[in-house]
2 protein chains.
Amino acid sequence: MNAPLVTILDDEPDIRHMLRDVLEDAGFRTQCFARAREFEAALQKATPDVCLVDLSLPDTDGLALVHRLALEQGAAVIIISGRAQVQDRVTGLELGADDYITKPFDPAEVVARVRARLRGTRTPQQPGRTARFAGWTAFFDRYALEDAEGGEVPFSHAEGEVLRLFLENPKRLISRAQMQESLGGAAGESFDRAMDVRISRLRTKLREDPKNPRLIKTIYGAGYIFLGDVSWS
Amino acid sequence: MNAPLVTILDDEPDIRHMLRDVLEDAGFRTQCFARAREFEAALQKATPDVCLVDLSLPDTDGLALVHRLALEQGAAVIIISGRAQVQDRVTGLELGADDYITKPFDPAEVVARVRARLRGTRTPQQPGRTARFAGWTAFFDRYALEDAEGGEVPFSHAEGEVLRLFLENPKRLISRAQMQESLGGAAGESFDRAMDVRISRLRTKLREDPKNPRLIKTIYGAGYIFLGDVSWS
DNA sequence: CCGGCTCGTAACAATTCGTAATATTCGGGC
DNA sequence: GCCCGAATATTACGAATTGTTACGAGCCGG
């Protein structure tokens with residue numbers, strides 16, 4: 001995968017070079033242009049991911065350019081302008097710009113806003129966490145455990161909550177109160193025997209020996225402790 | 001299609017109401033919250049398109065909330081903050097916010113920036129979209145699924161809506177309320193058992209094993225989750 | 001009007017999970 | 001070691017949630 005390409009269109013050399021330096025330091029590829037004419041010519045060759053455009057250009061109406069860019073190219077457009085009036089910003093954004101930065105600006109903020117544009121349309125494809133321990137592998141995305149031989153044992157939502165709490169706090173004492181806090185969240189007034197049942201069912205799925213539990217150990221009068229080395233991925 | 005939903009999370013009533021008024025005038029649906037707790041509860045029911053979040057919340061660390069939002073929800077996040085330092089803005093954006101507005105702000109600019117976000121996230125309904133997942137290929141233009149061997153299974157409009165929702169939000173929990181919101185759109189008064197039936201029929205067409213569904217998983221008391229890696233084209 | 005299709009409703013089956021009843025274990029006092 | 005009350009484990013049951021199937025209303029195209 002190539003580094004994202006950011007184009008800089010600004011007629012002031014100082015600003016142009018400063019932006020180029022800071023963006024390249026941040027790991028982006030850049031292309032600089034002083035005039036809209038050159039910029040549009042370059043568009044034929046490569047499509048940038050983000051376009052920084054200064055509105056005060058000598059050879060074109062910057063806003064019109066932004067409008068065309070937003071319509072025709074897939075790129076995100078960030079306006080950089082000396083005009084700080086609200087009305088200017090509003091019309092810039094209405095014409096299709098994705099962001100509007102006013103001069104003077106801080107280089108670090110520009111980088112952050114460029115990055116925000118690149119995140120752009122996000123599909124929150126959660127990686128789906130898994131944890132390995134004692135021959136088991138827990139897949140929290142699909143609510144299932146896999147033993148060493150690859151046999152699958154599904155677990156329910158409630159069981160998964162308990163399991164996650166244990167796996168996130170291995171070899172540490174977890175009191176009943178903490179569990180209720182972390183899980184049920186709610187009241188906690190009436191019988192918390194529910195928690196016992198949850199743990200019992202979880203132990204069954206982990207094939208624990210009731211007489212001699214090796215993974216989920218009970219500390220009489222204090223709580224539970226999960227033994228076993230956990231590695232998340 | 002419903003108007004986009006914008007949530008407003010701010011503990012100052014004046015600002016909250018001002019934002020609500022101006023955004024509703026602009027044609028958006030809005031939901032207001034004073035506390036992060038209520039806000040997160042509402043997320044279970046409906047997915048907003050844009051979230052406005054004030055960082056100075058009494059009951060939570062606003063930045064952590066933004067981070068979670070950006071990661072888990074598909075919504076765009078705009079931070080509204082009284083802190084105007086560059087460093088604040090940079091960290092806000094780095095943590096996943098899509099924009100950062102400092103107080104005092106102009107209502108018109110907020111509307112413009114909300115609109116800019118919506119342009120970004122909205123995927124224009126292209127005519128011939130297809131999605132590949134788990135050996136299947138879904139052709140939404142001709143309402144049919146194709147299995148690995150090329151056998152075709154047609155699906156109906158209602159089934160397609162559910163399938164599309166799943167494929168657009170893979171590996172994410174989708175609550176019943178969100179489904180009704182996205183699909184039936186309407187009231188939601190009478191029995192939503194219709195949704196169960198839709199899903200059942202869809203599962204049948206995907207040849208899911210009722211005992212052990214691999215693609216559409218039920219989370220008791222919470223909703224559904226679609227497993228499987230989706231790639232659109 | 002008929003036959004096929006879609007899709008919501010309703011009836012019934014299956015699952016989840018908390019409550020309550022029952023059994024077992026723990027720790028201290030003797 | 002033995003007994004007892006308390007804490008924990010297990011099991012059984014039932015309410016709520018979800019899955020499945022059957023049925024019928026609505027909608028075409030003949």
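Excluded from the calculations below are hydrogen atoms, water molecules and symmetry mates; all remaining heavy atoms, backbone and side chain alike, are included. Below, chain A is the first sequence line, B the second, and so on; all start at residue 1.
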Considering only NZ, NE, NH1 and NH2 on the basic side and carboxylate oxygens on the acidic side, decide whether Asp54(B) and Arg16(B) come within less than 4.0 Å.
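Answer for the salt bridge query: no.
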
Below 4.0 angstrom, N of the basic side chain to O of the carboxylate: do Glu152(A) and Arg214(B) qualify?
no

Atom [atom1] of [X] and atom [atom2] of [N]: how far apart are they, to the nearest Å?
| X | N | atom1 | atom2 | result |
| --- | --- | --- | --- | --- |
| Gln180(A) | dG18(C) | CD | P | 11 Å |
| Arg193(B) | dC12(C) | CZ | C1' | 11 Å |
| Lys217(B) | dT15(C) | NZ | P | 14 Å |
| Tyr143(B) | dC7(C) | OH | C1' | 14 Å |
| Met195(B) | dC7(C) | CE | P | 13 Å |
| Glu159(A) | dT16(C) | CD | C1' | 9 Å |
| Ile199(B) | dA14(C) | CD1 | P | 20 Å |

With sequence neighbours left out, which residue pairs that include part of residues 157-176 of chain A fulfil the ring-ring contact (aromatic ring centres under 6.0 Å, His included) condition?
Phe166(A)-Phe226(A)

Pick the nucleotide of DNA chain C nearest each of Ser156(A) and Lys205(B); which residue has the one closer to the 5' end?
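Looking at DNA chain C, the more 5' nearest nucleotide goes with Lys205(B).
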
Pick the nucleotide of DNA chain C nearest each of Pro154(B) and Val197(B); which residue has the one closer to the 5' end?
Pro154(B)

For Tyr100(B), what residues pass the ring-ring contact (aromatic ring centres under 6.0 Å, His included) criterion, not counting sequence neighbours?
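Partners of Tyr100(B) by the ring-ring contact (aromatic ring centres under 6.0 Å, His included) criterion come out as none, since no residue qualifies.
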
Provide the start and end nucleotides, 5' to 3', of the part of DNA chain D that has atoms under 4.0 Å from heavy atoms of chain A.
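Contact span on the strand: dA6(D) to dT11(D).
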
Is there a side-chain contact between Arg198(B) and the phosphate of dG8(C), meaning an N or O under 4.0 Å from OP1 or OP2?
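For Arg198(B), the contact criterion (side-chain N or O under 4.0 Å from OP1 or OP2 of dG8(C)) is met.
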
CG on Leu206(A) to CD1 on Ile199(A), rounded to 0.5 Å
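Rounded to the nearest 0.5 Å, the CD1-CG separation comes out at 11.5 Å.
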
What one-letter contact string describes nucleotides 23-30 of chain C from 5' to 3', where B marks a base within less than 4.0 Å of any protein heavy atom, S marks contact via sugar-phosphate atoms alone, and - marks no contact?
-SSBS---

Partner residues of Asp49(A) under the salt bridge (charged side-chain N to carboxylate O under 4.0 Å, His left out) criterion, sequence neighbours left out:
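Partners of Asp49(A) under the salt bridge (charged side-chain N to carboxylate O under 4.0 Å, His left out) test: none.
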
Where each residue is assigned the nucleotide of DNA chain D containing its nearest heavy atom, which of Arg201(B) and Tyr224(A) is assigned the position nearer the 5′ end?
Tyr224(A)

Student check: side-chain heavy atoms of Gln178(B) and Arg172(B) closer than 4.5 Å
no

Is it the case that atom CG in Asn212(A) sees more than 12 heavy atoms from other parts of the structure closer than 6.0 Å?
yes

Pair listing, salt bridge (Lys or Arg N to Asp or Glu O under 4.0 Å) test, anchored in residues 200-212 of chain A, at least two apart:
Asp147(A)-Arg207(A), Glu159(A)-Lys205(A)

